[in-house]
Amino acid sequence: MTAAQSPLTVHKFAMCFSSTLRGARLARRLCGTRLDAWGIPYGSDAHDVVTLVVAELCANAVRHGHVPGRDFHVLLTADPTTGTVRIEVSDTRGERLPRIPATTAQDGDGGRGLLLVEALADRWGCSPRATGGPGKTVWAECAADCATPRDLIT
């Protein structure tokens, strides 16, 4: 007797983006669109949390992981069986590891991104790139109700 397979599918979205502010903005928008298609609708708390974490990790890849002529890579995975969305952002600058600053200037423009990730994500961390190339992958996992895509519901 074989075990029945779950009808729920793990959803994946992966793409390379230019290491620019425009690339980071496009990554956030495309991830937001995918989340909505996967059943995590625009305006829901889960959608807002995940897209904010995506935005912060992509902005950090552009700001701190930029190497001229190199792109950054985003992998977004939603697993309905665990109710978790995993965000992985890889850049080519392995020597600049993410860290939460001890203090931030109250009127400064930066320094709060990882504080937001720390507060919003259930877990986050950094690891060497899975592809074995130069750089690192910063990842975060967020709880989300990963429903079946609305266009597949009869």
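As the structure is a computational prediction, the values presented were derived from the model and not from experiment.
At a threshold of 4.5 Å between non-hydrogen side-chain atoms, the residues Lys136 and Asp91 count as touching. Contact annotation: the side chain of Cys16 never approaches that of Phe72 to less than 4.5 Å [non-hydrogen atoms, C-beta and beyond]. Annotation: side chain of Val85 is in contact with side chain of Ile40 (closest heavy-atom distance under 4.5 Å). A 4.5 Å side-chain heavy-atom check between Cys142 and Leu120 finds every atom pair outside the cut-off. Between His64 and Arg93 the shortest side-chain heavy-atom distance does not fall below 4.5 Å.
Linking Ile, Leu, Val, Met, Phe, Trp and Tyr residues whenever their side-chain heavy atoms come within less than 4.5 Å leaves Val49 and Leu75 in two separate clusters. Neither Val117 nor Leu97 shares a network with the other; the hydrophobic side chains, linked directly or stepwise wherever heavy atoms of I, L, V, M, F, W or Y lie under 4.5 Å apart, form separate groups for each. In terms of hydrophobic clustering, with Ile, Leu, Val, Met, Phe, Trp and Tyr side chains grouped at heavy-atom distances under 4.5 Å, Val67 and Val62 are assigned to different clusters. Hydrophobic clustering keeps Met15 apart from Trp139 (ILVMFWY residues linked when any side-chain heavy atoms are closer than 4.5 Å, directly or through intermediates). Hydrophobic clustering of Ile, Leu, Val, Met, Phe, Trp and Tyr side chains at less than 4.5 Å, counting indirect connections, keeps Val89 apart from Leu116.
Checking Val74, Ile87, Leu52 one by one against Leu57, the side-chain contact (heavy atoms from CB on, under 4.5 Å) holds for a single residue, Ile87.
The distance from the CG atom of Leu26 to the CZ atom of Phe17 is 5.0 Å, given to the nearest 0.5 Å. Between Leu76 atom CG and Trp38 atom CH2 the span is 4.0 Å, to the nearest 0.5 Å. In this structure, NE2 in His73 is found 14.0 Å from OG in Ser19, a value given to the nearest 0.5 Å. Arg63 contributes atom CZ, which lies 9.5 Å from atom CZ of Arg96 (distance to the nearest 0.5 angstrom). Between Glu88 atom CD and Thr77 atom OG1 the span is 6.0 Å, to the nearest 0.5 Å. Atoms CG and CG, on Asp48 and Leu35 in that order, are 10.0 Å from each other to the nearest 0.5 Å.
For Pro41 against Gly39, the heavy-atom pair with the smallest separation is CD-O, 3.2 Å. Taking all atoms of both residues into account, the shortest heavy-atom contact from Arg129 to Thr137 is CA-OG1, 3.7 Å. Taking every heavy atom of both residues into account, Ala59 and Ala24 meet most closely at N-CB, 4.2 Å. Summarising the geometry of Asp71 relative to Ser18, their closest heavy-atom pair is OD1-CA, 3.6 Å, with the distance given to 0.1 Å. Summarising the geometry of Thr84 relative to Glu141, their closest heavy-atom pair is CG2-CB, 3.9 Å, with the distance given to 0.1 Å.
Taking the six-membered ring where tryptophan is involved, the planes of His47 and Tyr42 are tilted, since the angle between them lies from 30° to 60°.
Around the CG atom of Asp45, the shell of radius 6.0 Å holds no more than 12 heavy atoms that belong to other residues, nucleotides or ligands.
For the residue pair Glu118 / Trp124, a side-chain donor-acceptor distance below 3.5 Å is found, with atom types taken as modelled.
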